K.L.:
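I have a structure I would like to understand better, so I am pasting it below and will then ask my questions one at a time.
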2 protein chains.
Amino acid sequence: MTKLNKKVKNIIDKIYPISEKSFQEIERLIEFETFKKGETFIQKNKRNKKEYFVLSGVCKSYLINPDGNEITLSFFLEKSILSPYSIRTSKNISNQYFKALTDLELSSINAKEFETLMIENIEIRNFANTVLQNELISKVEKEIGLASLTAKERLIEFRKKYRVLENIIPHTDIASYLGITNISLSRLRKDLIN
Amino acid sequence: MTKLNKKVKNIIDKIYPISEKSFQEIERLIEFETFKKGETFIQKNKRNKKEYFVLSGVCKSYLINPDGNEITLSFFLEKSILSPYSIRTSKNISNQYFKALTDLELSSINAKEFETLMIENIEIRNFANTVLQNELISKVEKEIGLASLTAKERLIEFRKKYRVLENIIPHTDIASYLGITNISLSRLRKDLIN
DNA sequence: ATTGTTTTTTATCATTTGTTAATGGCAATC
DNA sequence: GATTGCCATTAACAAATGATAAAAAACAAT
């Protein structure tokens, strides 16, 4: 197994461990992609047909609101998996943007072929369902946060979940994730120093 | 086909039309349940193994925050489908509560058996995937709303989506859905009269 | 090192939202 | 018809957040 593929296996196993045999099915499909910091590598309303693993770097999913501002939906750290294809696309068309916040190394696999594996192989299916559930749990947690915590509490939670991020990505991205302005974020940062 | 099963077929077809033949597979699994207004019919951290169709009435999914308050996640109107099993449960254990907000008539089917159908039948699989995507789209829309709209704008959006609800369910449920207090909701209602 | 650009912080003021408490409406029950 | 409990509204004040502008800091390119 190449070093790259081993990385993918590790990401999978951290979510739902699968056998060597099952992984070999996936391995055949793996491709490698890199993007420069700042690049939007999945465009909303454009065709996309892949599942992605983040090997190194950080990226975000986002949308653009009526005022033209980017609203961060989620962050994806290294050694994790992007939102699964099935929930970010309809009819091969992406419903979100994804942007590299640092230089980014991804592995990708064809989503349709992966779906076939999923149907045939229970381990892979369980893995995929776990990804799906984690995604939803994370969305619900965020929803709860936005609906019932103050901005300060949300920042505290954010720091627990994404320790590293605050020092390596623009605060604007974090602020829109938290549902506040970057000025408010700055105030809260000052406030939390004590 | 019984009147009840016909209702289920209509709900499915509104989401993703399937053939008579495919529906017959599902039909065998359908059961019927009713709940009284106010009843919590799915408990968090309790076992649950079903998919649900709302035949009549209104219900909500919710969680309880650290202060002991119910936080409404979603509303489900009549002739719709509950959040799919796969995203509201892990290992047969529910991660959310569901409560009847009016007297409620549901059809339910065993989730495991439904998953088997899904694997075998592409129409049913496409239906299930559409449900999944709709669920996610709705979650993302709500997330965007909470992160980038004012409470007043969120109420306006809520009214577009759930016209009937404001007059038939407690405003507390709506307020927590909107991420505000019921006092704020009352103010906004007054404000929007003009 | 210097310059120009972008990001972050700070300040001021306006607005929104929360908290607490009081009030009024409505339905169920006795 | 009085009582009770629940829900929605209102009021007064406090706290949080937004908008705008300006200053400071960080960063990038040369």
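When reading the values below, keep in mind they use all heavy atoms of this one structure, side chains included, and skip hydrogens, waters and symmetry mates. None of these values were measured; they are calculated from a predicted model. Protein chains get the first letters and strands the later ones, always in sequence-line order, with residue 1 at the start of each.
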K.L.:
By the 4.0 Å heavy-atom rule, please label A:T181 as base, sugar-phosphate, or nothing.
P.N.:
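Here A:T181 touches the backbone only, sparing every base.
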
K.L.:
Hydrophobic cluster membership, with links at side-chain heavy-atom distances under 4.5 Å among I/L/V/M/F/W/Y: are A:L55 and A:F23 in one?
P.N.:
yes

K.L.:
How many whole angstroms separate atom CG of A:L146 from atom C1' of D:dT17?
P.N.:
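Nearest whole value for this atom pair: 14 Å.
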
K.L.:
Whether B:K21 and B:E123 form a salt bridge (side-chain N of Lys/Arg under 4.0 Å from carboxylate O of Asp/Glu) is what I want to check.
P.N.:
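Answer for the salt bridge query: no.
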
K.L.:
Atom CG of A:D67 and atom C1' of D:dA19: how far apart are they, to the nearest Å?
P.N.:
13 Å

K.L.:
Is atom CD1 of A:I156 surrounded by more than 12 heavy atoms (other residues, nucleotides or ligands) closer than 6.0 Å?
P.N.:
yes

K.L.:
Do B:K99 and B:E39 sit within salt-bridge range, that is, some charged N less than 4.0 Å from a carboxylate O?
P.N.:
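So B:K99 does not pair with B:E39 through a salt bridge.
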
K.L.:
What is the distance from CD1 of A:I180 to C1' of D:dA15, rounded to the nearest Å?
P.N.:
15 Å

K.L.:
Whole angstrom is fine here: how far is it from CG in B:N69 over to P in D:dC7?
P.N.:
13 Å

K.L.:
Please find the earliest and latest nucleotides of DNA chain C, in the 5' to 3' direction, that have an atom within less than 4.0 Å of any heavy atom of chain A.
P.N.:
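Taking any atom under 4.0 Å from a heavy atom of chain A, the span is C:dT8 to C:dT12.
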
K.L.:
Of all the choices, D:dT17, D:dT9, D:dA21, which nucleotide is nearest to the side chain of A:I183 once you look at every atom?
P.N.:
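Out of D:dT17, D:dT9, D:dA21, the nucleotide with an atom closest to A:I183's side chain is D:dA21.
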
K.L.:
Figure out the CG/C1' separation between A:L149 and D:dA15, and round it to whole Å.
P.N.:
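Result: 17 Å.
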
K.L.:
Kindly assign one of parallel, tilted or perpendicular to the pair B:F41 and B:F35, based on the angle between their ring planes and the thresholds 30° and 60°.
P.N.:
parallel

K.L.:
Could you give the CG-to-P distance, from A:N182 to D:dA21, as a whole number of Å?
P.N.:
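That distance rounds to 15 Å.
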
K.L.:
Give me the ring orientation class for A:F75 and A:Y177: parallel if the planes are under 30° apart, tilted from 30 to 60°, perpendicular past 60°.
P.N.:
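Answer is tilted, since the angle falls between 30° and 60°.
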
K.L.:
Give the angle between the helix axes at the two ends of the helix from C:dA1-D:dT30 to C:dC30-D:dG1, taking five base pairs at each end and rounding to 10°.
P.N.:
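Both end axes considered, the difference amounts to 40°.
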
K.L.:
Just checking, B:K161 and B:F158: is the charged tip under 6.0 Å from the six-membered ring centre and within 45° of the axis?
P.N.:
no

K.L.:
Taking NZ from A:K37 and P from D:dC27, how many angstroms apart are they, rounded to a whole number?
P.N.:
9 Å

K.L.:
We want to know whether A:E78 and A:S56 form a side-chain donor-acceptor pair, criterion being a heavy-atom distance below 3.5 angstrom.
P.N.:
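On atom types as modelled, these side chains do not qualify, holding no pair under 3.5 Å.
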
K.L.:
Would one find a side-chain N or O of A:R187 under 4.0 angstrom from OP1 or OP2 of D:dT17?
P.N.:
no

K.L.:
Evaluate the side-chain proximity of A:V54 to A:L82: yes if any heavy-atom separation is below 4.5 Å, no if none is.
P.N.:
yes

K.L.:
Quickly work out the B:N167 CG to D:dA8 C1' distance and round it to whole Å.
P.N.:
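Taking atom C1' of D:dA8 as the reference, CG of B:N167 is at 13 Å.
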
